[in-house]
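Report on the structure given below.
In what follows, every heavy atom counts, from backbone to side chain, and hydrogens, waters and symmetry copies are set aside. In what follows, every chain begins at residue 1, and chains take the letters A, B, ... in the order their sequences are listed.
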Amino acid sequence: MSIKNIFKFSLDNMSRSKKKLAIVVLLQVVVFILVGQVLIEYNKQKYILDKCENILSAPPEKCEAIDFESADLSEEKTIEFVKEIYKTEGLLAVGHDCAGVQGIVSTIFNGELRNIQSSNPYKTYIEMDDSLRCRDTQKSLIPYYEFDYVDKLDISKNQPMDTAYLILGNAYKDIKVGSEHIEVLENGIEVHFVVVGILEKGEEFVETKLVDPQEIEIINCDYEIFIMYPMEDYQYSRPYVSYAIDKKHTVEEIHNKIIETAEKYGLARDDISFLNAKKSLEIYNEPMNYVVGMILDIAIIITIATVLVSICIQSVTIIDSMNVYGIMYANGVTRKDVTLMLVLENLVKLILSIITAYAFARCYYSLAFDETVTFSNELAVLNSIVIYQVIGIGLLVMVASTIVPLIIINRNTPSKLIREIM
Amino acid sequence: MIRLNNVTKIYETQGIKTNALNGISLEIEDGEMIAVMGPSGSGKSTLLNIIGCMDTLTSGKYEYNECEVSALKQGQLNAFRKKHVSFVFQNFALMKDYTVYENVELPLLPRNISKKERKKIVNEKLELMGISELAKKFPTQISGGQQQRCAIARALVAENDIILADEPTGALDSKTGDDIMEIFKQVNKMGKTVIIITHDQKVAEKCNRIIKIEDGKIKINAK
Ligand SMILES: Nc1ncnc2c1ncn2[C@@H]1O[C@H](COP(=O)(O)OP(=O)(O)O)[C@@H](O)[C@H]1O
Ligand SMILES: [Mg+2]
């Protein structure tokens with residue numbers, strides 16, 4: 001039979017039993033969305049994990065974080081101390097977060113930096129819930145956010161603890177006003193924001209600007225290190241400061257300086273501790289590996305379940321119309337034709353399902369995340385990978401749900417198939 | 001010419017063997033019209049299925065003209081069926097989701113005939129069967145006799161040389177059955193070999209030859 005006729009026949013066949021088609025497509029849509037969600041999460045975690053492992057293969061010597069063991073950050077003296085840390089000579093790329101971005105600290109360079117004034121952090125503000133906030137950032141997932149005007153904001157009044165206060169570290173080379181960043185919170189919501197100003201030493205923040213998302217360029221960061229806190233250690237209210245150390249200074253030297261500063265502000269020696277990037281990554285890696293493994297397991301289970309369910313549906317559909325294949329065989333349709341027919345039918349179902357699932361996912365995201373939907377470049381890459389992964393799984397489903405009915409059909413002689421109606 | 005030589009067919013289901021055909025030897029000339037009779041379960045349908053390559057034989061030899069059909073593989077059997085055989089069944093074997101027109105069109109699809117040509121052929125056969133006005137109806141919307149006419153039209157569009165009919169009048173009242181038999185006679189006159197399974201002596205008498213089967217063996221083979 002010519003492909004054209006096979007195609008016509010398959011389409012006919014499907015359009016005659018729209019209910020069955022709808023059920024199969026709907027089921028596949030649900031499953032593809034589920035698998036897609038799991039895969040998105042998996043890819044994201046795997047991406048971070050890979051990065052960690054990459055860093056671990058050549059761990060940065062001079063990247064550290066300060067862990068505020070027992071220091072009370074709502075206290076004035078601690079806040080003053082945190083502010084003072086930035087001014088420590090020999091510190092580069094200082095990042096600071098006191099809100100609960102689980103497990104992830106900020107980024108730190110390990111190369112030469114331009115346009116960076118050490119201990120002069122870039123501050124980014126975001127409007128949330130009608131109040132202006134400054135937020136932490138997690139490099140690598142980057143787009144934009146629309147901003148309102150804010151006049152003469154005095155950050156010294158913005159205490160770290162009452163906002164999600166963050167300094168986008170000097171970790172960014174060539175950081176510019178207008179460059180955008182995104183933070184992915186634990187609940188998956190992305191907070192997008194933009195660099196609205198760069199402070200010189202001792203300067204205060206001036207104003208934010210409304211930024212047209214279209215005009216924003218994405219900053220490229222060619223150096224980055226995550227300092228990870230072990231998850232079980234990292235509490236919501238436990239802030240930290242992370243930094244890299246200048247070539248000219250030794251680790252001990254910096255430690256001593258920071259401890260000195262701490263003592264100056266009335267903190268005890270054991271109120272703070274230093275966490276080495278390598279060590280923190282190692283501690284972080286282990287549970288992460290477990291989590292990533294678990295997510296992958298879930299994805300595999302869902303995939304296997306999908307394959308099985310669609311095999312069942314297909315088989316039931318086929319058994320339901322066995323005699324049709326008998327009639328076809330009796331009228332000169334060959335086995336090859338039947339095979340192609342099934343492949344085409346399942347391919348059409350697959351395409352319908354994937355398009356529907358994709359459209360649904362897009363709608364869902366645009367509803368759930370409103371104007372912040374536009375994906376960052378790296379996130380977009382991850383998400384486009386998900387599409388391919390889902391298509392791959394879809395093809396697997398298609399092959400399985402073609403082969404099994406074919407076996408069922410071809411195990412019977414045409415005479416037996418046609419007798420199904422007799 | 002169809003030539004069967006000592007053909008046997010043994011079905012095996014769950015370890016139980018059934019000798020459906022027990023050494024059948026038979027020759028059928030091109031253009032013959034044959035009635036196959038015999039009690040239920042005697043192997044009539046099996047014989048027809050083997051002739052029509054809907055089933056394979058267990059032992060013996062089946063030749064059609066120069067071709068040794070019993071030596072063909074599954075793919076070749078499909079091709080043989082496509083080229084030589086058309087069927088008419090007691091229960092009509094129409095696709096219920098397809099219209100009369102589409103059912104009749106079915107054998108033309110694997111034969112890669114253009115849409116225009118298909119339309120011409122189908123309409124011609126529908127007219128021949130006197131069911132042109134039913135073209136857009138579905139099998140469930142027409143009577144048994146009309147369904148069987150539709151099935152015969154489908155058997156005819158392929159222009160194959162052998163028409164195999166398994167109790168084509170079995171589900172019809174006798175008046176309609178007579179009409180259908182008239183159609184088969186016409187078909188036979190077109191030069192096609194027609195083999196009809198029937199329980200009805202009256203139907204059988206319309207054929208050139210009657211073959212009676214019992215327990216998978218030919219009991220009577222008479223003109
Ligand atoms: N597919 C099959 N599997 C097992 N036994 C079968 C099968 N088809 C037919 N038979 C058996 O073969 C014998 C002949 O059947 P059949 O040719 O249908 O008889 P008839 O058409 O004369 O009534 C019967 O005993 C029947 O039960
Ligand atoms: Mg029978």
How long is the straight-line distance from [atom2] of [Y] back to [atom1] of [X], given to the nearest 0.5 Å?
| X | Y | atom1 | atom2 | result |
| --- | --- | --- | --- | --- |
| B:Asp166 | A:Ser415 | CG | OG | 10.5 Å |
| B:Met95 | A:Asn323 | CE | CG | 10.0 Å |
| A:Arg16 | B:Phe138 | CZ | CZ | 5.5 Å |
| A:Asn5 | B:Ser114 | CG | OG | 10.0 Å |
| A:Lys416 | B:Thr13 | NZ | OG1 | 7.0 Å |

May I have the step-by-step check of side chain to side chain contact (heavy atoms under 4.5 Å, CB included) for B:Phe89 and A:Ile327, ending in yes or no? CA-CA 10 Å; B:Phe89 299 94; A:Ile327 294 171; over 6 Å; no

Please classify the contact of A:Lys336 with chain B as side chain, backbone, both or neither, using a heavy-atom distance under 4.5 Å. neither

For A:Asn410, is it the side chain, the backbone, both or neither that has a heavy atom under 4.5 Å from a heavy atom of chain B? neither

With chain B, the option among A:Ile6, A:Asn13, A:Asp337 that has the most non-hydrogen atom pairs under 4.5 Å is A:Asn13

Pick one of side chain, backbone, both or neither for B:Phe80, based on which atoms fall under 4.5 Å of a heavy atom in chain A. neither

What part of B:Asn112 gets within 4.5 angstrom of chain A, counting heavy atoms only: side chain, backbone, both, or neither? both

Over 12 non-hydrogen atoms of neighbours within 6.0 angstrom of [atom1] in [X]:
| X | atom1 | answer |
| --- | --- | --- |
| A:Asp297 | CG | yes |
| A:Lys20 | NZ | yes |
| B:Glu68 | CD | yes |

If you tally heavy-atom pairs under 4.5 Å against chain A, which of B:Leu109, B:Val157, B:Asp97, B:Leu48 wins? B:Leu109

Smallest separation among heavy atoms of [X] and [Y], with atom names:
| X | Y | answer |
| --- | --- | --- |
| B:Pro110 | A:Asn331 | CG-O, 3.8 Å |
| A:Phe9 | B:Tyr98 | O-OH, 3.9 Å |
| A:Gly332 | B:Lys82 | O-CD, 3.2 Å |

Run the numbers on B:Phe87 and A:Tyr329 for ring pair (Phe, Tyr, Trp, His ring centres under 6.0 Å), then give the verdict. CA-CA 10 Å; B:Phe87 296 87; A:Tyr329 279 136; over 10 Å; no

Have B:Asn78 and A:Thr334 got a donor and an acceptor in their side chains that come within less than 3.5 Å? no

Is there side-chain contact between A:Thr413 and B:Gln74, with at least one heavy-atom pair below 4.5 Å? no

